[in-house]
Trainee: 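My structure is below; once you've seen it, I'll send some questions.
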Protein chains: 2
Amino acid sequence: MYELFFQKFNEKVALSPQEQEQIKVYLTPKKLRKRQYLLQEGDVCKSIAFVEKGALRAYTVDENMNEHIIQFAIESWTISDLFSYLTAEPATYNIDSLEDAELVLITRSAHEELLRTQPKYETYIRLLITGAYIALQRRLSSNISQPAEERYTRFTDTYPAIAQRVPQHMIASYLGLTPETLSRIRKKMAERR
Amino acid sequence: MYELFFQKFNEKVALSPQEQEQIKVYLTPKKLRKRQYLLQEGDVCKSIAFVEKGALRAYTVDENMNEHIIQFAIESWTISDLFSYLTAEPATYNIDSLEDAELVLITRSAHEELLRTQPKYETYIRLLITGAYIALQRRLSSNISQPAEERYTRFTDTYPAIAQRVPQHMIASYLGLTPETLSRIRKKMAERR
DNA sequence: TTTCTCCCTTGATAAATGTCAAGGTTCTTT
DNA sequence: AAAGAACCTTGACATTTATCAAGGGAGAAA
């Protein structure tokens, strides 16, 4: 258990076996069924979730009941409503599972304790968030500067594993498009070759 | 000098006078004239810039020579091409000054040295990037889920100081709109009241 | 198997946004 | 003061994207 978690941790910051044991104590495993919620809007986000297996999404729901996908997370990715997690304010995102999933949770109190006692954990978190920030900046850049078809191509090129695993209407939502529009874009692309 | 920088640093992580002096050694002041580049696409981003005074922007230029603004930075904000800064790869963003500006620079070697020697610096950076990540996620969420007028309203509500200081066509660019479209949106809003 | 969701596609039409072109204002530079 | 640059606005028109409505297929559940 936690194999993938510690593999990825060690890729960022090398841990001694002892350090690894010390950190392990603060981790909580959790299984999630397909369609099950990890977090619902309005609740406080109680943990960061590292995905050992499965696929999840974070999304908002607008006044017309349309879902807007903020993030996908598959194996070795981390997902949460970070603002809610850090401030204990009500979450603005929903997080649910797209497949049966196995997660490694770090609760807020564990997080705080790890930050206090394990300097390498702080480094891990810093690098984790830095990487997420850079990826998000690129996605935003694509969103404000590219037309829909190029955004779609960028997505499938950047995240082929996700593109194959999640329903198309969710990719549309992630890109800020309606399912109909994405369907038509794909048709045009297919006709061109 | 560095007053605002240390004020903001202390708001995130409290420093003793000695720690402050130790950190000060690694900082470089820099003045920038309006329209002057801090970074040009293709160069390596050599420093993070904290804005003591003035206003800057980071942006990309697409094949049609259209500019797309990734970020604004006014007093107390930090700006850089983080990916280029951390990896020493060529920058994909341009950064230039919208007004005469006074900056505090942290070069990559200073950054690495500070990370090695000053645990509070790592905490500062972690909190800085976490805040930037959360803000960026909200901007993205707005971009994929809201129509242009609501995005504009959100922007002016969230960043009134920036909205007053930068040209409208740059706000349009930040929002992913043409200047003409933003002009028409503003006209409609004005006619409604 | 049958039924029921969920998902994708397609058509017709409407709405939003972009493009191109022109003119006018303000501010900066000479 | 004059010239130039940057910026904003407006109009006419094209393109992109959304909305509404319908139908079909694949896979899950009964």
Side-chain angles (χ1 to χ4, degrees), chain A residues 33-36 55 57 59 61-69 72 96-100 142-156 162-192, chain B residues 33-37 54-57 59 61-69 72 94 96-100 142-156 162-192:
Chain A
R33 287 275 168 71
K34 182 173 176 172
R35 294 183 168 271
Q36 198 179 335
R57 61 171 178 163
Y59 61 100
V61 181
D62 69 22
E63 62 275 11
N64 307 321
M65 297 296 288
N66 288 119
E67 297 173 352
H68 302 281
I69 296 187
F72 290 114
D96 68 14
S97 190
L98 306 176
E99 308 170 1
D100 290 356
S142 171
N143 248 279
I144 62 173
S145 67
Q146 295 184 315
E149 179 177 331
E150 291 172 44
R151 298 209 301 275
Y152 175 65
T153 304
R154 190 197 83 95
F155 177 78
T156 55
I162 295 177
Q164 286 176 329
R165 251 165 111 168
V166 310
Q168 258 176 54
H169 74 271
M170 290 192 190
I171 298 176
S173 164
Y174 179 93
L175 296 172
L177 300 172
T178 59
E180 294 95 331
T181 296
L182 182 56
S183 175
R184 290 182 177 112
I185 285 169
R186 283 167 50 84
K187 190 187 179 191
K188 261 205 312 202
M189 290 171 67
E191 282 169 355
R192 270 210 306 274
Chain B
R33 286 275 167 72
K34 183 172 176 171
R35 294 182 168 275
Q36 197 179 338
Y37 282 109
L56 290 85
R57 62 172 179 163
Y59 62 99
V61 180
D62 69 21
E63 61 275 9
N64 307 322
M65 298 295 290
N66 287 120
E67 297 172 353
H68 303 281
I69 296 185
F72 290 114
N94 300 277
D96 68 14
S97 189
L98 306 177
E99 307 171 0
D100 291 355
S142 170
N143 249 279
I144 63 175
S145 66
Q146 294 184 315
E149 179 176 331
E150 289 173 45
R151 297 210 301 277
Y152 174 65
T153 304
R154 191 197 82 95
F155 177 79
T156 55
I162 295 177
Q164 287 178 328
R165 250 165 111 169
V166 310
Q168 256 175 57
H169 75 270
M170 291 193 188
I171 298 176
S173 163
Y174 179 95
L175 296 173
L177 300 172
T178 58
E180 294 95 330
T181 297
L182 181 56
S183 175
R184 290 184 177 108
I185 285 169
R186 284 167 49 85
K187 189 185 177 188
K188 261 206 311 204
M189 290 171 68
E191 282 169 355
R192 271 210 306 274

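Excluded from the calculations below are hydrogen atoms, water molecules and symmetry mates; all remaining heavy atoms, backbone and side chain alike, are included. Naming: A, B, ... by sequence-line order, numbering from 1 per chain. Just so it is clear, the structure is predicted and the values come from calculations on it, not from any experiment.
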Trainee: Could you tell me from which nucleotide to which nucleotide of DNA chain D, 5' to 3', there is an atom under 4.0 Å from chain B heavy atoms?
Mentor: D:dA6 to D:dA12
Trainee: Does A:Gln168 have a side-chain nitrogen or oxygen under 4.0 Å from the phosphate oxygens OP1 or OP2 of C:dT9?
Mentor: yes
Trainee: Please tell me which of the listed nucleotides, C:dT9, C:dT17, C:dC6, lies nearest to the side chain of A:Arg186?
Mentor: C:dT9
Trainee: Between A:Ile185 (CD1) and C:dT10 (P), how many Å, whole number?
Mentor: 14 Å
Trainee: Look at the side chain of A:Asn64 and the backbone N and O of A:Asn66, then say whether any donor-acceptor pair between them is shorter than 3.5 Å.
Mentor: no
Trainee: How do B:Lys34 and B:Lys188 order along DNA chain C: which one's closest nucleotide is nearer the 5' end?
Mentor: B:Lys188
Trainee: Nearest-Å distance, CZ (B:Arg151) to P (C:dA16)?
Mentor: 13 Å
Trainee: May I ask you to list the residues of residues 171-182 of chain B, by number, that have any heavy atom positioned under 4.0 Å from an atom of DNA chain D?
Mentor: B:Glu180
Trainee: Among all residues two or more places apart in sequence or in another chain, which pass the ring pair (Phe, Tyr, Trp, His ring centres under 6.0 Å) test with B:Tyr59?
Mentor: none
Trainee: Can you name the ring pair (Phe, Tyr, Trp, His ring centres under 6.0 Å) partners of A:Tyr152, sequence neighbours left out?
Mentor: none
Trainee: Would you say the side chain of A:Glu150 lies within less than 4.5 Å of the side chain of A:Pro147, judging by non-hydrogen atoms?
Mentor: yes
Trainee: Whole-Å distance between C:dG18 P and A:Gln146 CD?
Mentor: 15 Å
Trainee: Could you check how far OH of B:Tyr152 sits from C1' of C:dA16, rounded to whole Å?
Mentor: 18 Å
Trainee: Would you say B:Ser173's side chain and B:Glu67's backbone share a donor-acceptor pair under 3.5 angstrom?
Mentor: yes
Trainee: Give me each pair satisfying salt bridge (Lys or Arg N to Asp or Glu O under 4.0 Å) with a member in residues 162-175 of chain A, each pair once, sequence neighbours excluded.
Mentor: A:Glu75-A:Arg165, A:Glu99-A:Arg165
Trainee: Could you pick out which residue, B:Arg35 or B:Ser183, lies toward the 5' side of DNA chain D when each is mapped onto its nearest nucleotide?
Mentor: B:Arg35
Trainee: Between atom CG in B:Asn143 and atom C1' in C:dT17, what is the gap in whole Å?
Mentor: 14 Å
Trainee: Do B:Arg35 and B:Asp96 meet the salt-bridge criterion of a basic N to acidic O distance under 4.0 Å?
Mentor: no
Trainee: Quick check on the helix from C:dT1-D:dA30 to C:dT30-D:dA1: what's the angle between its two end axes, five base pairs per end, to the nearest 10°?
Mentor: 50°
Trainee: Would you indicate whether the side-chain heavy atoms of A:Met189 and A:Thr153 approach each other to under 4.5 Å?
Mentor: yes
Trainee: Does the B:Arg151 side chain pair with the main chain of B:Ser142, one donor and one acceptor, at a distance under 3.5 Å?
Mentor: no
Trainee: Measure the shortest side-chain to side-chain distance between A:Ile185 and A:Leu177 over non-hydrogen atoms and say whether it is less than 4.5 angstrom.
Mentor: yes
Trainee: Give the rounded distance in Å between these two atoms: CE of A:Met170 and C1' of C:dC8.
Mentor: 13 Å
Trainee: Rounded off to whole Å, could you give me the CZ-to-P distance for the B:Arg184 and C:dA15 pair?
Mentor: 18 Å
Trainee: Check the angle between the aromatic planes of A:Tyr174 and A:Phe72 and answer parallel, tilted or perpendicular using the 30° and 60° thresholds.
Mentor: parallel
